[in-house]
Colleague: 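First, the structure itself, so that you have it in front of you.
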Amino acid sequence: MKLTYWSHSCFLIETRSHRLVVDPFLSGNPLAPVKATEVRCDFVLITHGHNDHVGDAVEIAKRCGATIVANYEVAMFCQSQGATVHPMHIGGSWTFPFGRVKLTIAHHGSAYQTADGFVNGGQPAGVLIMTEGKTVYHAGDTALFMDMQVIGQRHRPTVALLPIGDNFTMGIEDAVQAVEWLRPDVAVPMHYNTFDLIRADPQEFARQVRAKGYRAEVLAPGGTLTV
Ligand code: NI
Ligand code: MN
């Protein structure tokens with residue numbers, strides 16, 4: 001499985017048979033290495049309703065004929081915009097053609113902002129993607145929470161994608177604690193440096209993770225990791 005970091009919380013995940021994109025915030029993202037119109041994928045996964053995560057999901061899904069996977073409220077909103085969706089909710093899992101997806105808790109908000117006000121985006125989530133004998137845990141936007149120990153014990157993540165930007169989510173110190181609780185094979189930082197409010201040094205995160213005996217990989221926008 002190959003992961004490509006498209007900056008912020010956006011990753012392309014390529015399995016042998018399918019292309020998945022998580023949280024495709026590309027238009028209006030100063031760090032995005034690709035344009036939304038260049039994306040080809042089969043599924044779009046959205047962790048929560050915030051605009052920097054829903055991003056270009058609807059346009060990409062409609063153009064590619066991809067299915068959006070998100071919590072019920074975000075899925076219904078995307079469906080109202082013309083996208084094909086698969087609604088889920090926290091604790092639930094479903095087997096898709098590429099593998100199994102399970103939504104986990106995340107401590108955050110989820111409202112989607114439109115010109116007319118906010119749309120209720122339900123509860124924010126993290127996403128476990130289980131495919132080809134590997135498990136990717138994309139934490140979404142979240143505070144540190146102790147149930148990450150349970151996620152670590154029960155799902156043994158191969159890769160943990162963790163926000164480090166602070167202010168809206170975990171900062172570096174809490175993200176390092178998250179790695180200790182999740183015990184992934186490799187930790188990858190996300191959700192930093194897109195905006196001034198979330199400035200953080202991913203190399204500092206990597207140093208601290210390695211000092212605890214875990215592997216960390218910092219991906220530049222467009223950078224890849226094969227696991
Ligand atoms: Ni958010
Ligand atoms: Mn965010």
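Numbering of ligands and ligand atoms starts at 1, following listing order.
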Colleague: Looking only at N, O or S atoms, find the one in D52 nearest to the Mn ion (ligand 2) and name it.
Modeller: OD2
Colleague: What is the name of the N/O/S atom in D141 that sits closest to the Ni ion (ligand 1)?
Modeller: OD2
Colleague: Is the H89 to Y72 ring centre distance short of 6.0 Å?
Modeller: no
Colleague: I'd like to know: is the Ni ion (ligand 1) within the 2.8 Å range of an N/O/S atom from H108, strictly under that distance?
Modeller: yes
Colleague: Of all the N, O or S atoms in H50, which has the shortest distance to the Ni ion (ligand 1)?
Modeller: ND1
Colleague: Is the distance from the ring center of F118 to that of Y112 below 6.0 Å?
Modeller: no
Colleague: Could you label the plane-to-plane angle of the F98 and F43 rings as parallel, tilted or perpendicular, counting under 30° as parallel and over 60° as perpendicular?
Modeller: perpendicular
Colleague: Could you label the plane-to-plane angle of the F96 and H86 rings as parallel, tilted or perpendicular, counting under 30° as parallel and over 60° as perpendicular?
Modeller: perpendicular
Colleague: Among the N/O/S atoms of H191, select the one at the shortest distance from the Mn ion (ligand 2) and name it.
Modeller: NE2
Colleague: Can you tell me the N, O or S atom of D141 that's nearest the Mn ion (ligand 2)?
Modeller: OD2
Colleague: Strictly under 2.8 Å, is any N, O or S atom of H53 next to the Mn ion (ligand 2)?
Modeller: yes
Colleague: Side chains of T194 and N29 only: does a donor on one sit below 3.5 Å from an acceptor on the other?
Modeller: no
Colleague: So F11 and H138, would you call those rings parallel, tilted or perpendicular, with 30° and 60° as cut-offs?
Modeller: perpendicular
